*Asks:* 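Before I ask anything, let me first share the structure, which is written out below as structure tokens.
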Amino acid sequence: MFCSKCGNILEDNAKFCDKCGTATMANNNSTIKIADDEVQLSVKPKYKSIYFMWGIYVLILLLMILAIFFSIVFESWSGFVIGLVVCGVILGISAISLIFKKKQLQYMKYDFYKTKVEYSDSFLNKAEKEVKYKHIRECVLSRTISDRIFGFGRIVLFTNAETGFGNGILIPFVENSETIYKQIKKLIDD
């Protein structure tokens, strides 16, 4: 056998050329490195305030109905005023929560390469995660009723990690989730 780089004569079971160090065909441990610096697909969660607020609207409506009921039963406006104050507090807390949710989603990013997916989030807490496709055990698309109404879906990439903590990547609030899911499946399966 001869070295493919320098032409040196080698033993038939040589894994490396003893002259130039090039891996030989007999080297079972050598792998071909794939250039993996080009993003094939980038996914960013979307923010729709109506999606996050609809439950709060329903709660406020129920509180207002309850406040009107108490003001009629007790023949006093104090129940109605208390209901308005509670609704105002809920709206204030919800507004602050929505501002933080919007900022967090703006900084989330999921980049899919040829052999791996990288997740990063850098709003309040900084988080980065890289998962090689060969470690992904399952890819799942999940859409609740409210997700379908507002055009969202969640994609979960499960890995072979034995613990429940950190054993995958969750991609929340994905628009066109069925199309994105198919694209991700194709990247992982290829």
Side-chain angles (χ1 to χ4, degrees), residues 4-5 15-17 20-56 93-190:
S4 62
K5 185 174 182 182
K15 293 186 177 187
F16 297 95
C17 175
C20 69
T22 302
T24 66
M25 298 300 270
N27 186 355
N28 294 332
N29 295 330
S30 67
T31 58
I32 299 171
K33 291 280 186 181
I34 298 173
D36 206 12
D37 56 354
E38 185 178 325
V39 175
Q40 305 293 311
L41 174 67
S42 188
V43 180
K44 287 186 67 69
K46 300 294 182 196
Y47 176 83
K48 288 184 183 176
S49 59
I50 188 79
Y51 176 82
F52 297 104
M53 287 293 291
W54 74 269
I56 296 166
I93 292 170
S94 299
I96 293 169
S97 172
L98 288 175
I99 290 168
F100 279 99
K101 177 62 88 177
K102 183 176 183 177
K103 283 291 185 191
Q104 181 182 11
L105 292 178
Q106 284 176 345
Y107 285 97
M108 284 181 159
K109 184 172 75 166
Y110 302 84
D111 289 331
F112 291 83
Y113 296 84
K114 289 181 182 178
T115 63
K116 65 184 178 185
V117 58
E118 289 182 350
Y119 158 73
S120 63
D121 178 9
S122 61
F123 176 50
L124 291 176
N125 298 323
K126 295 190 180 224
E128 291 183 9
K129 189 172 193 175
E130 176 184 295
V131 176
K132 302 277 186 192
Y133 294 155
K134 65 182 179 181
H135 298 296
I136 294 176
R137 171 175 50 94
E138 188 176 15
C139 181
V140 176
L141 170 62
S142 141
R143 298 182 75 206
T144 64
I145 291 172
S146 60
D147 287 341
R148 288 184 300 220
I149 290 170
F150 294 105
F152 282 131
R154 292 178 176 91
I155 299 172
V156 184
L157 306 173
F158 291 101
T159 62
N160 290 324
E162 293 194 17
T163 63
F165 177 75
N167 66 344
I169 293 180
L170 167 67
I171 308 172
F173 314 116
V174 178
E175 277 189 324
N176 302 320
S177 57
E178 291 175 2
T179 304
I180 299 294
Y181 171 73
K182 289 175 185 173
Q183 292 173 340
I184 290 172
K185 283 285 291 172
K186 185 174 182 343
L187 281 170
I188 292 171
D189 293 341
D190 284 348

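Note that this is a predicted model, so its numbers are computed, not measured. Basis for what follows: all heavy atoms, side chains included, without hydrogens, waters or symmetry-related copies.
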*Asks:* Report the C-alpha separation of F100 and L124 in whole Å, then their side-chain angles, then the decisive distance to 0.1 Å, and conclude whether the side-chain contact (heavy atoms from CB on, under 4.5 Å) test is met.
*Replies:* CA-CA 9 Å; F100 279 99; L124 291 176; 3.8 Å; yes
*Asks:* First locate atom CG of L187, then atom CZ of F112, and finally report the distance between them rounded to the nearest 0.5 Å.
*Replies:* 7.5 Å
*Asks:* Among residues at least two apart in sequence or on other chains, which ones pass side-chain hydrogen bond (donor to acceptor under 3.5 Å, both in side chains) with D190?
*Replies:* K186
*Asks:* Does F152 have any ring-ring contact (aromatic ring centres under 6.0 Å, His included) partners at least two apart in sequence or in another chain, and if so, which?
*Replies:* Y51, F173
*Asks:* Evaluate the criterion side-chain contact (heavy atoms from CB on, under 4.5 Å) for residue pair I184 and I188; output intermediate values, then yes/no.
*Replies:* CA-CA 6 Å; I184 290 172; I188 292 171; 3.6 Å; yes
*Asks:* Report the residues that fulfil side chain to side chain contact (heavy atoms under 4.5 Å, CB included) with S97, sequence neighbours left out, ordered by chain and then residue number.
*Replies:* none
*Asks:* Just wondering, do K102 and L98 contact through their side chains at under 4.5 Å, heavy atoms?
*Replies:* no
*Asks:* Using side-chain heavy atoms (C-beta onward) and a distance below 4.5 Å, is V131 in contact with L157?
*Replies:* no
*Asks:* Do the two ring centres, one from Y113 and one from Y133, sit under 6.0 Å apart?
*Replies:* no
*Asks:* With sequence neighbours left out, which residue pairs that include part of residues 174-183 fulfil the salt bridge (Lys or Arg N to Asp or Glu O under 4.0 Å) condition?
*Replies:* K48-E175, R143-E178
*Asks:* List the residues meeting side chain to side chain contact (heavy atoms under 4.5 Å, CB included) with I145, not counting sequence neighbours, and say none if there are none.
*Replies:* R148, I149
*Asks:* Report the residues that fulfil side chain to side chain contact (heavy atoms under 4.5 Å, CB included) with L170, sequence neighbours left out, ordered by chain and then residue number.
*Replies:* R154, V156, P172
*Asks:* Report the residues that fulfil salt bridge (Lys or Arg N to Asp or Glu O under 4.0 Å) with K132, sequence neighbours left out, ordered by chain and then residue number.
*Replies:* E130
*Asks:* Which residues pass the side-chain hydrogen bond (donor to acceptor under 3.5 Å, both in side chains) test with S142, sequence neighbours left out?
*Replies:* none
*Asks:* Report the residues that fulfil side-chain hydrogen bond (donor to acceptor under 3.5 Å, both in side chains) with K103, sequence neighbours left out, ordered by chain and then residue number.
*Replies:* none
*Asks:* State which residues pass side-chain hydrogen bond (donor to acceptor under 3.5 Å, both in side chains) with K116; sequence neighbours excluded, sorted by chain then number.
*Replies:* E118
*Asks:* Applying ring-ring contact (aromatic ring centres under 6.0 Å, His included), can you list everything that pairs with F123, at least two apart in sequence or on another chain?
*Replies:* Y107
*Asks:* Partners of K44 by side chain to side chain contact (heavy atoms under 4.5 Å, CB included), sequence neighbours excluded?
*Replies:* none
